[in-house]
Amino acid sequence: MAGTDVLTIDGIGIERVVMPLKAPFETSFGVESERAFWLVTVEGGGLTGYAESVAGDEPYYNEETNETVRHMIRDHLGPRLIGQPITHPDQVLPLFSQVRGNRMAKAALEMAVWDLYGRVHNAPIRELLGGTRDRVPVGVSIGIQPTPADLVAQATRFYAEGYRRLKIKIRPGLDLEPLRAVREALPDAPMMADANSAYALEAASVFQEMDALDLLMVEQPLAEDDLVDHAALQSLIKTPVCLDESIRTHEDAEKAFRIGACRIINIKLGRVGGFSEARQIHDAARRAGHPVWCGGMLESGIGRAANLHITTLPGFTLPGDTSGSDRYWDEDLVDPPFVLGSDGTMAVPGGPGLGVVPDPRRLKRFGSAREHFGK
Ligand code: OSB
Ligand code: MG
């Protein structure tokens, strides 16, 4: 198929996948002990493209859930995608422009079309995006632990495994003490904190005290819909503010930089609507002279592959959250699993599209309730 040929999506599948986490993951939202998500497929040109939807069963990280994603794909987004002539995956998100928000649902379809497009053109997504690397440095995200000693044990283990940066989840009352314990145990470790919007500006003094801990950044300290107070907080502290939940579009990114609400952005493909919007946020950050990195949503290997592909763009200069498969899974949905290199980098798949597909036996074990939508 030549570059200008038209690709038409004839059908869409969603399959519920539930995978047990090796250990519960606690954030300021609550505790997760398994991951439930849609594996989304798009069919066209005689081939299938895959993507992982990053919504969960509860609307805690943002408004979306597995049920809203299903509703959107079945009733609003699927009908806008099926049968449309597509010559490049950048055309997918604009097909959905009449539908507000619901970016995780949009991203799942958009990313599946990127995978399909890569398979049709026999090219890895990293190459189609203009990525410049085939390995990327990675970090790890550590959930809230029962005691500072537990946290130090986890942080020490992950740092010894080679992760290039430690991200520590915090919430009010479990912040300075655990962070200080890790800083004492690992004086040279690149580390940061993620609050998942658990604080108000009135708590600025907590972040002023964090300035003494030499953190790379503090992620999403305040409400997800508030850039103004983030700008106020940034003016009161030396540690760079990084925004996650607050940045949904490249316009958000431009405004956040313009008013000084952050100096760094965590880009998550699902949160922003997929690869095309993620690349635009990356480009906006580069123009403004700010680094970005790729966040995670406890993905299986399908989502992990997508994260690695976007991380090959040159502005992703900070290690992200795409840890090895063994950080969360005894058995990943893909086989072989993603493995951390001894130098703290991970290989980006070089095969067509995402370069990985679900392992059929594992999908049989973890998957259920497949639904198909067509013309
Ligand atoms: O805020 O980055 C976050 C997981 C679920 C929801 C939100 C977040 C996270 C993580 C985990 O930090 C990152 C990962 O390892 O996938
Ligand atoms: Mg975060």
Side-chain angles (χ1 to χ4, degrees), residues 19 21-37 52-66 103-104 107 136-145 151 154-155 158 161 163-171 175 191-199 215-224 230 240-248 256 262 264-272 278 281 292-308 310-311 318-329 332-333 337-338 340 346:
M19 293 172 61
L21 289 165
K22 269 167 88 166
F25 189 80
E26 181 167 353
T27 65
S28 59
F29 311 129
V31 189
E32 282 191 81
S33 52
E34 59 180 27
R35 191 73 178 110
F37 61 89
E52 176 169 345
S53 160
V54 300
D57 283 338
E58 312 288 347
Y60 296 162
Y61 169 79
N62 70 8
E63 302 88 337
E64 296 186 76
T65 67
N66 285 320
R103 292 185 177 81
M104 289 177 175
V136 294
V138 295
V140 65
S141 177
I142 307 176
I144 292 170
Q145 300 297 314
L151 175 61
Q154 294 256 330
F158 286 129
E161 283 180 22
Y163 285 108
R164 296 264 192 105
R165 182 228 61 188
L166 306 170
K167 166 164 133 181
I168 293 155
K169 294 283 183 182
I170 57 169
R171 65 170 156 83
D175 38 39
M191 61 184 265
M192 59 173 291
D194 185 2
N196 286 114
S197 66
Y199 296 80
L215 302 183
L216 289 170
M217 70 195 91
V218 55
E219 180 176 344
Q220 196 67 44
L222 311 179
E224 88 288 348
H230 277 107
V241 170
C242 168
L243 290 177
D244 172 355
E245 287 91 322
S246 292
I247 305 298
R248 293 165 180 237
C262 69
I264 301 171
I265 291 176
N266 165 350
I267 295 181
K268 288 183 183 169
L269 292 163
R271 189 191 73 226
V272 306
I281 294 174
V292 299
W293 53 277
C294 182
M297 292 292 288
L298 310 176
E299 289 94 342
S300 82
I302 297 295
R304 234 155 262 277
N307 292 343
L308 291 169
I310 193 73
T311 305
L318 294 164
D321 278 346
T322 313
S323 45
S325 296
D326 70 346
R327 193 259 172 273
Y328 293 115
W329 318 117
D332 200 340
L333 193 56
F338 285 98
L340 178 71
M346 288 225 290

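Just so you know, ligand 1 is whichever comes first in the structure, and atom 1 is the first atom listed for that ligand. Just so you know, these numbers use all the heavy atoms, side chains as well, and skip hydrogens, waters and symmetry mates. Here the structure is a predicted model, which is why all the values come from computation and not from measurement.
For ligand 1, the polar-atom distance check against Phe29 finds no nitrogen or oxygen pair separated by under 3.5 Å. For ligand 1, none of its N or O atoms has an N or O atom of Phe25 under 3.5 Å away. Annotation: Asn196 places an N or O atom under 3.5 Å from an N or O atom of ligand 1; distance criterion only. Where the criterion is an N or O separation shorter than 3.5 Å, residue side chain and backbone included, Asp244 meets it with respect to ligand 1. At under 3.5 Å, a nitrogen or oxygen of Lys268, whether backbone or side chain, sits near a nitrogen or oxygen of ligand 1. Close N/O approach between Ser323 and ligand 1 is not found [any backbone or side-chain N/O within under 3.5 Å].
For the pair Tyr60 and ligand 1, no heavy-atom separation below 4.0 Å is found. Within the 4.0 Å heavy-atom cutoff, Glu219 counts among the residues contacting ligand 1. Residue contacts with ligand 1 do not include Arg327, since none of its heavy atoms lies under 4.0 Å from the ligand. Heavy atoms of Lys167 approach ligand 1 to within less than 4.0 angstrom.
A side-chain N or O of Asp244 and one of Tyr61 form a donor-acceptor pair less than 3.5 Å apart. A donor atom on one side chain and an acceptor atom on the other are not found under 3.5 Å apart for Asn62 and Glu245.
A salt bridge is absent between Glu224 and Arg248; no separation between the charged side-chain nitrogens and carboxylate oxygens falls under 4.0 Å.
In terms of protein heavy atoms, atom 15 (O) of ligand 1 is closest to Tyr328 OH, 2.6 Å. Ranking protein heavy atoms by distance to atom 16 (O) of ligand 1, first place goes to Leu298 N, 2.8 Å. Nearest protein heavy-atom contact of atom 13 (C) of ligand 1 is Gly296 O, 3.4 Å. Ranking protein heavy atoms by distance to atom 6 (C) of ligand 1, first place goes to Met297 SD, 3.7 Å.
When each atom of ligand 1 is checked for a heavy atom of Lys169 under 4.0 Å away, the hits are 1 (O), 2 (O), 3 (C), 8 (C), 9 (C), 10 (C), 12 (O). Within ligand 1, counting atoms from 1 as listed, the ones closer than 4.0 Å to a heavy atom of Ser141 are 10 (C), 11 (C), 12 (O), 13 (C), 15 (O).
Contacts of Thr27 with ligand 1, taken as heavy-atom pairs under 4.0 Å, are absent altogether. Contact annotation for Asp194 and ligand 1: only side-chain heavy atoms (C-beta onward) come within less than 4.0 Å of the ligand.
Residues Pro221 and Val241 form a side-chain contact, since some pair of their non-hydrogen atoms from C-beta on lies under 4.5 Å apart. With a 4.5 Å cut-off on side-chain heavy atoms, Lys169 and Glu26 do not count as touching.
The distance from atom CE of Met191 to atom CG of Leu166, rounded to the nearest 0.5 Å, is 7.5 Å.
A side-chain donor-acceptor contact under 3.5 Å links Arg304 to the backbone of Ser323. The closest donor-acceptor contact from the side chain of Ser325 to the backbone of Phe338 lies under 3.5 Å. For Glu52 (side chain) and Gly303 (main-chain N/O), a donor-acceptor pair under 3.5 Å exists by modelled atom type. Although no hydrogens or angles enter the test, the distance criterion places no donor-acceptor pair under 3.5 Å between the side chain of Asn196 and the main chain of Ser28.
Among the backbone and side-chain atoms of Asp244, an N, O or S atom lies under 2.8 Å from the Mg ion (ligand 2).
When each of Arg327, Lys268, Arg165 is paired with Asp321, the side-chain hydrogen bond (donor to acceptor under 3.5 Å, both in side chains) condition holds for Arg165 and for no other.
Residues Val54 and Glu299 come closest through the heavy atom pair CG1-OE2, 3.7 Å.
Remark: at the Mg ion (ligand 2), atom OE2 from Glu219 and atom OD2 from Asp194 enclose 90°, rounded to the nearest 10 degrees.
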